[in-house]
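For ligands, and for the atoms within them, numbers begin at 1 and follow the listed sequence. For the numbers below, each heavy atom of this structure counts, side chains included, while hydrogens, waters and symmetry mates do not.
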Amino acid sequence: MEFKNLIIEAAHGVAVLTINSPKTLNALNSEVLGEIECALFELNLDEAVKAVIVTGAGDKAFVAGADIKEMASMNAYQGHQFGLKGQRVMMLIEKMTKPVIAAVNGYALGGGLELALACDFIYASSKAKLGFPEVTLGIMPGFGGTQNLARLIGPNRANELIFTGKMIDAEKALAWGLVNELVAPEELMAKARETAAAIAGVGTLGVSYAKNAIANGLNMTKEDGFRYEASLFGVLFATEDQKEGMAAFVDKRKAAFSGK
Ligand code: DAK
């Protein structure tokens, strides 16, 4: 499928989805959100893709938020539809059976930071700036930001970031645990690709079930989470990946996982 605002490349199990609307610093309008939803849906179904990287085109922005110019003239119905579309994208990333890495190459603001937070983890350029400017526009985060940020970095730091609307730099984002690692801008994609390739080389189903257990377990009591983990763990013993992974260890060879 062709997209007007996205560049999709896939090779060796790793797909890169680049949001490419530089005139608005890759801001998320209805069309861009719809394209991201379609692209992620397809990438999730594509068995050759084992890990996905989401990034922004250019060296200035990952995504500078939802498109303020489009939102400015929305009525309540359109605002509602827009919100539902954005939330579908964020939930889709969480429900995808494969890991999604955010490579934050510049501004990640508002809906852009929510997109990054919906991913399984974030690598950031040392020049990135992150924040939730919604309150400066008279609104609040609405694509899951209040929920995902507070769960990731705790309520107090989330409160400070969201209530002030101020941006933080990449160093502070690292210190707060918002991003996993800072990388020189020119090395960001290489780092993300290296990690995605490592994920693509291990047991597909083990990775997929681990993602499922972590995401769903966070909404359970610890005891229910343990029970859920045990069920998924058990299911893996009915898969070719488990047979192949363990046979390869015993035979002292590299496993060739089929994802089945
Ligand atoms: N939307 C539309 N256009 C944007 C944009 C945005 N978010 N961000 C930047 N642009 C455009 C600028 O208007 C400018 O366009 P022209 O004037 O050239 O036509 C171009 O991109 C370059 O931007 P600047 O000239 O401003 O570049 P600077 O380097 O000076 O500044 C900046 C970069 C990122 C600091 C600045 O552009 C900026 O403050 N941008 C806005 C950031 C922002 O406030 N983002 C948060 C948006 S609120 C919802 C759920 C969620 C949301 C909404 C609804 N529902 C449940 C309904 C989410 C809301 C948000 O994300």
Side-chain angles (χ1 to χ4, degrees), residues 3-7 17-37 40 54-95 100 102-119 122 124-153 157-173 178-179 185 188:
F3 298 105
K4 272 163 68 182
N5 307 282
L6 307 180
I7 302 165
L17 183 162
T18 305
I19 301 166
N20 183 33
S21 40
K23 282 189 190 145
T24 56
L25 303 185
N26 306 322
L28 302 174
N29 61 25
S30 306
E31 184 177 80
V32 174
L33 280 172
E35 288 192 358
I36 296 173
E37 188 180 4
L40 290 176
V54 175
T55 193
D59 56 4
K60 197 165 170 186
F62 173 70
V63 169
D67 189 323
I68 302 169
K69 291 168 193 161
E70 186 189 41
M71 284 192 295
S73 61
M74 279 181 189
N75 61 29
Y77 174 76
Q78 290 164 330
H80 185 215
Q81 294 305 309
F82 183 70
L84 292 177
K85 198 177 247 189
Q87 289 182 346
R88 275 203 309 272
V89 168
M90 308 305 156
M91 291 307 292
L92 176 57
I93 294 173
E94 190 173 312
K95 291 188 189 311
V100 183
V104 170
N105 52 309
Y107 290 111
L109 302 175
L113 183 49
E114 289 176 305
L115 178 65
L117 284 166
C119 296
I122 304 173
S125 143
S126 51
K127 291 201 175 142
K129 294 216 182 312
L130 303 90
F132 279 108
E134 279 86 343
V135 291
T136 70
L137 299 165
I139 56 171
M140 61 177 270
F143 290 157
T146 57
Q147 303 308 301
N148 284 336
L149 185 69
R151 279 174 170 79
L152 184 64
I153 67 172
R157 286 170 170 166
N159 292 343
E160 186 181 335
L161 201 62
I162 291 172
F163 297 169
T164 61
K166 288 192 176 154
M167 292 182 216
I168 55 171
D169 61 20
E171 293 287 342
K172 192 159 185 178
L178 216 170
V179 308
L188 177 64

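Protein heavy atom at the shortest distance from atom 38 (C) of ligand 1 is L109 CD1, 4.7 Å. The protein heavy atom nearest to atom 1 (N) of ligand 1 is I68 N, 2.9 Å. Taking atom 23 (O) of ligand 1 as the reference point, the nearest protein heavy-atom neighbour is L25 CD1, 3.7 Å. What sits closest to atom 8 (N) of ligand 1 on the protein, heavy atoms only, is A64 CB, 3.6 Å. The protein atom (non-hydrogen) at minimum distance from atom 5 (C) of ligand 1 is T24 O, 3.8 Å.
Numbered from 1 in the order shown, with element, the atoms of ligand 1 that lie under 4.0 Å from a heavy atom of G83 read 55 (N), 56 (C), 57 (C). Counting the atoms of ligand 1 from 1 in the order shown, those under 4.0 Å from a heavy atom of G111 are 60 (C), 61 (O). Below 4.0 Å from some heavy atom of F143 lie the following atoms of ligand 1, by number and element: 49 (C), 50 (C), 51 (C). Residue contact check: G110 has heavy atoms under 4.0 Å from atoms 61 (O) of ligand 1. Proximity to K23 (heavy-atom distance under 4.0 Å) selects the following atoms of ligand 1: 11 (C), 15 (O), 20 (C), 21 (O). Within ligand 1, the atoms closer than 4.0 Å to a non-hydrogen atom of D67 are 1 (N), 2 (C), numbered from 1 in the order shown. Close approach of ligand 1 to G79 is summarised as follows: ligand atoms under 4.0 Å from at least one heavy atom of the residue are 57 (C).
For the residues H80, K69, E70, K60, the heavy atom positioned nearest atom 17 (O) of ligand 1 is part of K69. For atom 54 (C) of ligand 1, the nearest non-hydrogen atom from the set Q78, M90, M167, M71 belongs to M71.
There is a protein heavy atom less than 4.0 angstrom from atom 41 (C) of ligand 1. Put simply, atom 21 (O) of ligand 1 has protein non-hydrogen atoms near it, under 4.0 Å away. Distance screen at 4.0 Å: atom 45 (N) of ligand 1 has a protein heavy-atom neighbour inside the cut-off. For atom 31 (O) of ligand 1, the protein comes within 4.0 Å by no heavy atom at all. Within 4.0 Å of atom 13 (O) of ligand 1, at least one protein heavy atom is present.
Using a distance-only test at 3.5 Å, with no hydrogens or angles considered, no donor-acceptor pair links the side chain of D59 to the main chain of N105. Checking side-chain atoms of N20 against main-chain N and O of N26 turns up no donor-acceptor pair under 3.5 Å. For Q87 (side chain) and G142 (main-chain N/O), a donor-acceptor pair under 3.5 Å exists by modelled atom type. Between the side chain of T55 and the main chain of T18, no donor-acceptor pair closer than 3.5 Å is present.
Atoms CG and NE2, from L84 and H80 in turn, are 4.0 Å apart once rounded to the nearest 0.5 Å. For the atom pair OH of Y107 and CG of L113, the computed distance is 14.5 Å after rounding to the nearest 0.5 Å. Note that CD1 of I68 and CG of L137 are 4.5 Å apart. Values are rounded to the nearest 0.5 Å. To the nearest 0.5 Å, the span separating NZ on K85 from CG on L28 amounts to 11.5 Å. Residue R88 holds its CZ atom at 9.0 Å from CG of L33, rounded to the nearest 0.5 Å.
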Kindly indicate, with the supporting measurements, whether the criterion side chain to side chain contact (heavy atoms under 4.5 Å, CB included) is fulfilled by I7 and L17.
-> CA-CA 6 Å; I7 302 165; L17 183 162; over 6 Å; no
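When heavy-atom distances to ligand 1 are checked against a 4.0 Å cut-off, L137 comes that close only through its side chain, counted from C-beta outward. Only the side chain of P133 comes within contact range of ligand 1, with a heavy atom under 4.0 Å; no backbone atom does. At a heavy-atom distance under 4.0 Å, atoms from both the backbone and the side chain of A66 approach ligand 1.
On a distance-only criterion, F82 and ligand 1 share no N/O pair closer than 3.5 Å.
The 12-atom threshold is not exceeded at CD of E171, counting heavy atoms of other residues, nucleotides or ligands nearer than 6.0 Å. No more than 12 heavy atoms of other residues, nucleotides or ligands lie within 6.0 Å of NZ in K127, so this atom counts as exposed by the packing criterion.
Defined by atom type and a distance below 3.5 Å, a donor-acceptor pair is missing between the side-chain atoms of N148 and E114.
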